[in-house]
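Each remark here refers to the structure printed beneath this line.
Computed from a prediction, not measured in an experiment: that's the story for all the values here. Every heavy atom of this structure was used, including side-chain atoms; hydrogens, water molecules and symmetry mates were not. Numbers here simply count residues along the sequence, with the first being 1.
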Amino acid sequence: MQRVATRLTRGALSLVERCSGTSHFLIKRSYFTSSVQIAPAIIHRHSVPGDFLKRVSLGSHGFSSFASGFSPLKHKPLESIIDIERAKHQTPEDLASIWDDFHLGRGHIGASMKTKLYHLLEHRAADCRYFVIPVWKGSGYSTMFVQVQMPHILITGLEDYKARGTQAAPYFTVSHYKEFAESKDLVLIRGDIVFTSKLTDLEAKWLLETVQSFYLNDTRYKLVERFNKQTSEFDFKDVLRALDMPIL
């Protein structure tokens, strides 16, 4: 199964910390701000055509209609996060390790992927934008509503999505940066946990990897297609089975 692979090289993180203020420091201090600027209301009221207007059975969850999803986010430029000129001199492996490691324990998730996989994700997301993923919490799971709106992935709680409409806010946002896609065969990925009370760093990392797996793995992607194109045939239990989660 293809999945996002994060590299957790402590040595690279130490290098970044030691080189703060020197010519080798790649990460800018403005890095600690969110990679996207989020509008107060992220859900449109406009309806989605086709099967999205039909009732979908999600185990104990159900809803009669979808909004059209999250509104566009203002992308934070990569040059406001890292020094791109200095990053150009890093090997793909070193750049990915520095990028990944610097996010650790900061309410952010760093990851990277090959350009070919990014293009596959982009292609499939254009055809199937929405999905639902359960996150296991204690003795049960909390279902997340996902919209893949490249170069972003936007995730909020399904119950909040159903209840709050235009006032729903994302729990977790993901941004993809393609500046090194051609030169280094590397797409940098940054996840921002908007509400740390809703998701831990580990849960967010797992969620990012799991969303990617449903879009990049051919077998799992069939469930995404069914959710978007054959809603009446979609069964949430199939998602639970794919993730080896108990059916409650």
For the pair [X] (side chain) and [Y] (backbone), establish whether a donor and an acceptor sit closer than 3.5 Å, ignoring hydrogens and angles.
| X | Y | answer |
| --- | --- | --- |
| Ser142 | Val135 | no |
| Asp100 | Ala111 | yes |
| Tyr118 | His176 | no |
| Asp185 | Lys114 | no |
| Thr173 | Leu154 | no |
| Tyr215 | Cys128 | yes |
| Arg220 | Ser213 | no |
| Trp206 | Leu208 | no |

- Item | Pairing residues for Lys88 by the salt bridge (charged side-chain N to carboxylate O under 4.0 Å, His left out) criterion, not counting sequence neighbours | Glu85
- Contacts of Asp244 meeting salt bridge (charged side-chain N to carboxylate O under 4.0 Å, His left out) (sequence neighbours excluded), chain-then-number -> none
Measuring from atom [atom1] of [X] to atom [atom2] of [Y], what distance do you get when rounded to the nearest 0.5 angstrom?
| X | Y | atom1 | atom2 | result |
| --- | --- | --- | --- | --- |
| Thr219 | Phe214 | OG1 | CZ | 11.0 Å |
| Ser112 | Arg190 | OG | CZ | 15.0 Å |
| Leu117 | Gln212 | CG | CD | 8.5 Å |

- Flag side-chain contact, heavy atom, 4.5 Å: Gln90 against Ile98: yes
- Query: For Lys137, does the NZ atom sit with more than 12 other heavy atoms under 6.0 Å from it, leaving out its own atoms?
  - Reply: yes
- Task: Mark yes when over 12 heavy atoms from residues, nucleotides or ligands other than Ile247 sit less than 6.0 Å from its CD1; otherwise mark no.
- Result: yes
- Message: Is the distance between the ring centroids of Tyr130 and Phe227 under 6.0 Å?
- Response: no
- Note on the structure: Sorted by chain and residue number, the side-chain hydrogen bond (donor to acceptor under 3.5 Å, both in side chains) partners of Thr91 (sequence neighbours excluded) come out as Asp94
- Query: Ile81 and Trp99: which non-hydrogen atoms are nearest, and at how many Å?
  - Reply: CG2-CZ3, 4.0 Å
